[in-house]
Protein chains: 2
Amino acid sequence: MKVLTKKTDYAIRALVMLGAQKGSYVSAKAIASEQDMPYPFLRGVLQEMIRHDLIVSKEGVQGGFMLAKDPDEIGVRQLIEIFQGTVQISECMFRKQICANRSRCVLRHEIMRIEQVVHHEFEQITIGKLLRKLHAGENLRPA
Amino acid sequence: MKVLTKKTDYAIRALVMLGAQKGSYVSAKAIASEQDMPYPFLRGVLQEMIRHDLIVSKEGVQGGFMLAKDPDEIGVRQLIEIFQGTVQISECMFRKQICANRSRCVLRHEIMRIEQVVHHEFEQITIGKLLRKLHAGENLRPA
DNA sequence: TTAATTGATATCAATATAGTATCAGTTATA
DNA sequence: TATAACTGATACTATATTGATATCAATTAA
Ligand code: FES
Ligand code: FES
């Protein structure tokens, strides 16, 4: 059971890096080498984020990517939705016995509640929050 | 993002069915046809549950499977762990910048907290609970 | 003009999930 | 005691998802 796939992982890290260099364009190449990600794969991730208006780009020499919105308005939840799709519980269980009326199914109800909790929690974690932690140097000290 | 895979799904339903026929052996064939699951696939799921001491079996004619413990002691969380492995967040992000001291990494901390919540919630949902809902007939009425 | 860059898109590889097939061993029961 | 209904064990195939490459046209600062 994997919570974050590579795409989401790379997206978060790329966004944090863009946030750290606010105002200037950062190239995919720079991100890839700095964060140790496969370059062409990262390219795809960045393009996907452009489509979702999270970042903007500039072509040509000295081009690159830049955040398109406030880091506090980019939550990990949204990234999960973009790169991993909406959460699917499973198909409807107990078709014959319990599911005659899905809206009253207890199992389904419980699982959807859990889903809500998870969504809410992931929504709290924003790029802005991560950036502040990074600047505060909370984890920059050697182990 | 899928929360429950087919194996977990089938496992839950099979266990509920066994719980509903407490004290007698139920064959894989009966479960498969009743619950509309692929027979040989279910067989594998049942064997896995035997290995984990959730159920016991009897070979030969009139054989089948039976719960090995109290339905209230079988939680969905355990099933997820058996069939989907432990929850993996993602590899360690921000290797160079943040992760010098993993134990202090905020992102990791947050995500692990979410993981705890999810685990706790899934632990609450037991086969026993589902059985009682089933017997109460909460969802047996046609839609 | 040219090298550094993104846009767009096609393709491939690796892994995980879902499902099948086979055959040996056990046991109620006729 | 033969047989059909069962599970045990295990190898295999198929499909879907995830991770990663490859190619080439278009743009732009220097
Ligand atoms: S499992 Fe299908 S509605 Fe309950
Ligand atoms: S992401 Fe690795 S410890 Fe923080």
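Worth saying up front: this structure is predicted, and the values here are computed from it rather than measured. Below, chains carry the letters A, B, ... as their sequence lines are ordered, and counting in each starts from 1.
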Tell me whether the OP1 or OP2 atom of dG19(D) has a side-chain N or O from T5(A) closer than 4.0 Å. yes
Without decimals, in angstroms, what is the distance between F83(A) CZ and dG19(D) P? 12 Å
Taking all atoms of both residues into account, what is the closest heavy-atom pair of L131(A) and A20(A), and its distance? CD2-N, 3.6 Å
G128(A) and D72(A) have their tightest heavy-atom pair at CA-OD1, 3.5 Å
Short side-chain N/O contact to dG19(D) OP1/OP2 from K2(A), under 4.0 Å: yes
Please report, rounded to the nearest Å, how far the P atom of dA20(D) is from the CG atom of D36(A). 11 Å
Can you work out whether Q47(A) or P40(B) has the more 5'-proximal nearest nucleotide on DNA chain C? Q47(A)
If you compare every side-chain N and O of S57(B) against the phosphate oxygens of dC6(D) (OP1, OP2), does one of them come in below 4.0 Å? no
Could you check whether Q62(B) gets within reach of a base, just the sugar-phosphate, or nothing at all, counting any heavy atom under 4.0 Å? sugar-phosphate
With a 4.0 Å cut-off on heavy atoms, is G44(B) in touch with a base, just the backbone sugar-phosphate, or nothing at all? nothing
Categorize I50(A) for me: base, sugar-phosphate, or nothing, with a 4.0 angstrom heavy-atom threshold over every strand shown. sugar-phosphate
Would you mind reading off the distance between M37(A) atom CE and dA20(D) atom C1', rounded to a whole angstrom? 14 Å
Among dT7(D), dA28(C), dT21(D), the nucleotide that comes nearest once only the side chain of E59(B) is considered: dT7(D)
Within this structure, what is the CZ-to-C1' distance between R43(B) and dT22(C), rounded to whole angstrom? 11 Å
Side chain of F41(A) only, please: which of dG19(D), dC6(D), dA4(C) is the nearest? dG19(D)
What integer distance in Å separates Y25(A):OH from dT28(D):C1'? 12 Å
Counting the atoms with a prime plus P, OP1 and OP2 as sugar-phosphate, which does P38(A) contact under 4.0 Å by heavy atoms, base, sugar-phosphate, or nothing? sugar-phosphate
Return yes if some donor-acceptor pair links the side-chain N/O of Q84(A) with the main-chain N/O of V3(A) below 3.5 Å, else return no. yes
Would you mind telling me which residue lines up with the more 5' stretch of DNA chain C, Y39(A) or R51(A), judged by nearest nucleotide? Y39(A)
Do the side-chain N or O atoms of S27(B) get closer than 4.0 angstrom to the phosphate oxygens (OP1, OP2) of dA5(D)? no
Nearest to the side chain of K29(B), heavy atoms from C-beta on, is which of dA29(D), dG19(C), dC6(D)? dC6(D)
With a 4.0 Å cut-off on heavy atoms, is F65(A) in touch with a base, just the backbone sugar-phosphate, or nothing at all? sugar-phosphate
Spacing between E48(B) atom CD and dG19(C) atom P, to the nearest angstrom: 16 Å
Do M37(A) and K6(A) come within less than 4.5 Å of each other through their side chains, counting heavy atoms only? no
To the nearest angstrom, the CG-C1' distance between L46(A) and dT5(C) comes to 13 Å
Does any non-hydrogen side-chain atom of E48(B) lie less than 4.5 Å from one of I82(B)? yes
note: K6(B), atom NZ; dA14(D), atom P; distance rounded to Å ~ 20 Å
Distance col, row F65(A):CZ vs L46(A):CG, nearest 0.5 angstrom, shows 4.5 Å
